[in-house]
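Just so we're on the same page: letters track the sequence lines, and every chain starts at 1.
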Amino acid sequence: MLLITFYGYGIAGSILMILLTMFGVSFTASLLFWLIYRQKINKG
Amino acid sequence: MVAVIFTLIWGTALFVFLFYSLISLLFRLISYPRDFHRFAGNQEPAEIDNELRYFVIVPCFNEGEVIQRTAINLLKFRQFEVVVVDDASDDDSVERLKQIDHPRLHIIRRYNPNSHTGKGDVLNFALDYICQLLVPQHFPFDKTIIGVIDADATLAANALDHLNAYFSSPDSNITQMRVKMYPRFKNNLQILQDIEFFSINHMAQIMRMYTKTVGLSGNGQFFRLKPILDEIGLHPWGNALLDDYELTIKLMLKRLHVDYMTDTYVYQEALTSPRRFIRQRSRWVQGDLNCLKYLPQIIKSKILSRTQKLGIYYFLVQPWLNFLADIAIIVLTVIAATHFSELYSKLPPLTLLVVVTGLVGFSFFWGIVFGGFYYHDLRQFQEPRLKIRKFIFLPIGISYMYIILFFSIIMAFWRWGLRENSWIKTQHGKDVSWCVRGKQWKELK
């Protein structure tokens, strides 16, 4: 989907969009992981 | 179609890398400052156990350039007995050691044809010797601490205080020290290795401390002898080229986890030559591939938690992920270059500029983050700081250092495929300007 949407900006555009999307997705995932893990550690 | 497949491969690798790094960043930035006293050696025990006895094993093969300095530095710690294992060196390593002539220095030797069979065998040989020494003395194994230090290494001055603080608690069993390169860098490659060990790996190890997945590095590992003998046996080290991580997996499978020391460290030599750097890293990658033999045990294990399993999987999958991601980047670059006019000629120059600037800027993200940490860490420990122009170079260097590691991955897969398991040894003493000073020698005597 991303590739199709940003194909107009060439491979560089697609790559940039994938980078930004991946960053957003992995940041959210890691934040969730950290919050859950933190809670688990605090509970002992 | 090819572009889509390789973009997916690259996107997956990117997600895994970012997920792991961002979790590490969160633990490093937010959790670690609050939990500082929970890290190995940072505790303040009610009483220091003065009965602890330390044996520090130093593997030695043709280390004549550095071995004397290393032994002398270790002997300065008065609780240490230093066990140097000479693995049939053909230089003057043994002669140099004999010159020291100290009651706490033990020189043991392996001879051909039983030598050069890997670092694991050398360490097991030393452990046999230590046990043979302790049994007649009836010295308790739970008061015996074993350390492993490389032939080019030096411990920070506060190392013994932190070790005593850690091992004075009877529940503390295994710890890995932070690693730093010697200062007085000769080139940028050495600076980059220092950042990698002192700040980047440090951040990852902090996260692993929380998830109980801290990995042993070959240099600066210390453990209490009794639990190792009870759980792993008399010969804990295996023959994988990455003996330290192999031992980490064995320990974790037996419910023993490694702790991490943040506030003391072991210095080691950084390499100056890219060729030797690639060879060293190819050995590490191949060692990682060797550890795949534990995969069935890890999958089936009821002892390991899900997070611990994920941590090990991440480590084991790294060579494959790096290899595929590198191939994907090469293929995508070739496609972009060969279809340049078709892809970019219709784009307004300003759009193209924004896109390219965005890409380049994004690639510097981790370089800037780690550069900042490194600056902070050097200041905190009063280590010699870098000149401003070197710091400006850091984000570029950190972001693109891993490109040259592509060659080490290729080399490792090649050797692994051909079952070439010989030890590509890192030469020491060529890259450091430190030497044994007369004053140090007299102090020791």
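- Residues of residues 13-29 of chain B that come closer than 4.5 Å to chain A, counting heavy atoms only, are B:Leu14, B:Phe15, B:Leu18, B:Phe19, B:Leu22, B:Ile23, B:Leu26, B:Phe27, ordered by residue number.
- B:Thr248 pairs by the side chain to side chain donor-acceptor pair (under 3.5 Å) definition with nothing, not counting sequence neighbours.
- Sparse packing is recorded around NZ of B:Lys254, with 12 or fewer heavy atoms of other residues, nucleotides or ligands lying under 6.0 Å away.
- Only the side chain of A:Phe33 comes within contact range of chain B, with at least one heavy atom under 4.5 Å from a heavy atom of that chain.
- The environment of CZ in B:Phe407 is sparse: at most 12 heavy-atom neighbours from other residues, nucleotides or ligands sit within 6.0 Å.
- The side chain to side chain donor-acceptor pair (under 3.5 Å) search around B:Tyr245 returns none, not counting sequence neighbours.
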Exercise for review: Take B:Thr12 and A:Met22 through the side-chain contact (heavy atoms from CB on, under 4.5 Å) test and state the conclusion after the steps.
Suggested key: CA-CA 9 Å; B:Thr12 311; A:Met22 282 301 164; over 6 Å; no
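- Around CZ of A:Phe23, the count of heavy atoms belonging to other residues, nucleotides or ligands within 6.0 Å exceeds 12.
- Here CH2 of A:Trp34 is found 5.0 Å from OG of B:Ser31. Values are rounded to the nearest 0.5 Å.
- Within 6.0 Å of the CD atom in B:Glu44, the count of heavy atoms belonging to other residues, nucleotides or ligands does not exceed 12.
- Inspection of non-hydrogen atoms places B:Tyr210, B:Thr211 of residues 204-216 of chain B under 4.5 Å from chain A.
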